[in-house]
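Both counts, for ligands and for their atoms, begin at 1 and track the order of listing.
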Amino acid sequence: MKFLSTRNKNIKMNGSMAIIKGIAPDGGLFVPEYFPKIEKLDSLIDYNYKDLAAYILGLYFDDLGDKVKDIAYKAYDSKFPNEVVVLKENDTVFLELYHGRTHAFKDMALSVLPHLLKASLEVNKDNKNILILVATSGDTGKASLEGFKNIDGVRCMVFYPKGGVSKIQELQMLTQEGDNLDVIAINGNFDNAQSAVKKIFIDQNYKNLLLKRGYELSSANSINIGRLIPQIVYYVYSYLKLVKIGKLNMGQKINICVPTGNFGNILAAYYAKRIGLPINKLIVASNENNVLTDFFNSGIYNSNRNLIITSSPSMDILISSNLERLLFHLVDGDTKKVKIAMEDLKNKKSYKWKDLDKSLIEAGFATEEDISNAIKTCYDNYNYVIDSHTAVSYSVYKSYKNRTSDNTLTLIASTASPFKFPDKVLNSIGIFKSKDDFKKLEDLAKLMKVDVPKNIKELENKKIMHHRVIDPKNMKKEVLEILNCKFSVKVPATSANIGVGFDTFGVSLNLFNTFIFKKSETFMEDNLVIDSYKKTFKYLDEDIIPISVKIKSQVPYTRGLGSSSTCIVAGVYSALFMMNKTINKELALDIATEIEGHPDNVAPAIMGSFVISLKHNEHIHYRRFELNKNLEFLALIPNFSLSTKDSRNILPKMISLKDGVHNVSRAALLTPALVNLDKNLIKVCLDDRFHQPYRKRLIKDFDLLKEKSLEFDAIATYLSGAGPTIMVLSEKNSKTYAMLKDYINNNLKNWDVKKLNIDLDGAKIIS
Ligand SMILES: *Cc1c(COP(=O)(O)O)cnc(C)c1O
């Protein structure tokens, strides 16, 4: 399946690329080139939510293959209750979509998108960082923050209109923790935020600048096709559930009524219809920003009006982005028509559209008074509390029904928990007891006979983490500034020497230290990272910019796995980044070697893979090799360290010519042996005479572990760096790891074993 731009059919990519890009390069949105069909709807009736999600994702994102199943299972894990969506019946059926972590329906798609994005990067072998820019009218922001929190390689910045979101929504965002996340208030409304973000997406120069800093842009807004597709699932799922409980006959049509802002949720219902869900009417419900109501009733889209701040802020939108996709489908992909309309919208803030499907789409809007009435009626008649967004939908549904006496069963998308909008809900029902926001939540809880959701209650005492307020016209500048204010460097562990390659050979392994840097007023700490950072500035003769660093460590300290090299490399990288320099690996290697004294650890830490290096006249010569993919590194790590002094002092001052020749010949043959996985030759070549025979005396159990490894089918062992870690080379899928682990667990309390693979990338700036 390919995806096309709504404005140009020649722009065509597969699903994973469309997800990564977020928006087409010409400013159009990605749409599927055709609608896949559900083969037999009734065959899906017993699917649980996750499996149905995997099925529907698979229809569209065929290039992700089997990964869709894993994605669906990760997305809808314990973050959701057992029943991912809940149906509530009274005079109609409410589809409660707000049972995810942030209490709004945005969780339904935004818990999927990060996994989709990760999988898309994997299939495209793309190891750049992704920078997600989000414009939010409230709920997308929080749901993106939760979705992308601590996702490796992704940085997420959320822009929301100051004063344009509810108190609870704002607190949800401002208290967000997570090193890869930023929340920025803007002076302006949602449309200002959205158009500033869109401008960045189509500014090729700016995107190149970001690429130079290692970031590729993507979007988590509903313009990303990776958000739209997961939303189809709940319509299909709830239809099947209604059949299952006997409310519907298979094949019987339903109406779907959706409170609409950016037109994503209702468009997903349209997509559900196009893949085979029996739908009679789609009812588009707006609040007082009723651009869409006017559009569907008159064919004229006119955004030339003032945005009204309402009690349903997530729908306070005048430019409803996803409508562009519907236009494309309504004219069967006549991209010229779409392009003209979108250009008119940009230049004249309005456009005319002739091709509407009046038999399918109904539109209406609700005033603030209508919203209040809907909340109150629903509570009075059914003891059921709905939020202000859902109330828009309920109100529009009621007036549709009165107008037409259409008796089709109608599913109303219930998009937010009342706890996100307690003011409007309580006022509408007539409860004015408390002034304090958090007391109001208690009042609401009593009314609904449930507890205040824990993570909303906790907002009262959570620390505010984000303080920026900016003008939308400064967004480009701010984004760069923020990137520099907080970023991370991820550096792999390294294993040096590799037996005979004393001070010369090193390999990079997939165990990482992550260093989180923040710009600060002064230097807060003094350590090897900061020291290397300062030395890099001095090396390049630049003025030092203060910074602070936090370390998330996986690489054990002082065990011969290059943990101090990770600090040096992180210091060098962060300094280059702060100087706004492109990270040039060779320059980084020169500086890091200058600091470390020898290149054998820092070279593979920077370059990745297996590296042979030497220093000659202040310059580092190195060659990088990719070793056999079936080679595995089992690190036997003891719970003690050796003093550097002892392990240096124990070395001989002189080496005999014989031992020299012994080592030189083996060192020369080791590389081809490792590349070809020539097991016998590896065994022969790892027999070192320079340092291992002396250093092993400091490590009780060395000989025992070596002997056991060989007994368990290992290829060979060597002392990692200056020890005390012993590295065991084995073949992938051999029994060595399991047997060694078993042996160590039962016999050697002081040792641990870790299975490692070669890291090919080397150090990276990550979000
Ligand atoms: C985002 C949102 C909407 C609008 O959804 P769109 O997909 O933008 O039309 C409605 N209600 C709530 C609570 C929302 O968060």
Distance filter under 4.0 Å to [X] heavy atoms, resulting ligand 1 atoms:
X	answer
M315	10 (C)
G264	6 (P), 7 (O), 9 (O)
G261	4 (C), 6 (P), 8 (O), 9 (O)
A416	13 (C)
F105	1 (C), 2 (C), 3 (C), 5 (O), 7 (O), 14 (C)
T260	9 (O)
P259	4 (C), 10 (C)
N262	6 (P), 8 (O), 9 (O)

Does any donor atom in the side chain of [X] or [Y] lie under 3.5 Å from an acceptor atom in the other side chain?
X	Y	value
N287	D316	yes
N262	Q194	yes
S350	N304	no
N265	Y235	yes

Before you tell me yes or no, could you show the steps for H389 and F105 under ring pair (Phe, Tyr, Trp, His ring centres under 6.0 Å), namely the whole-Å CA-CA distance, both residues' side-chain angles and the distance that decides it to 0.1 Å? CA-CA 11 Å; H389 300 75; F105 93 96; 9.4 Å; no

Quick one: are [X] and [Y] in side-chain contact, heavy atoms under 4.5 Å?
X	Y	value
I254	I256	yes
V134	N221	yes
F296	V291	no

Ranking K106, K142, H389 by closest non-hydrogen atom to atom 14 (C) of ligand 1, top hit is K106

Considering non-hydrogen atoms of the protein only, which is the closest contact for atom 7 (O) of ligand 1, and what is the distance? N265 N, 2.8 Å

Any idea which protein heavy atom is nearest atom 11 (N) of ligand 1, and the distance to it? T415 OG1, 2.9 Å

Under the ring pair (Phe, Tyr, Trp, His ring centres under 6.0 Å) test, which residues partner Y271, sequence neighbours left out? F35, H329

Neighbour count above 12 (heavy atom, 6.0 Å) for K352 NZ: no

Per-residue contact class, K420 against ligand 1 - non-hydrogen pairs under 4.0 Å: neither

With a 4.0 Å heavy-atom cut-off (strictly under), which part of Y98 contacts ligand 1: side chain, backbone, both or neither? neither

Below the 3.5 angstrom mark, is there an N/O of T140, backbone or side chain, next to an N/O of ligand 1? no

Are any of the heavy atoms in S222 under 4.0 Å away from ligand 1? no

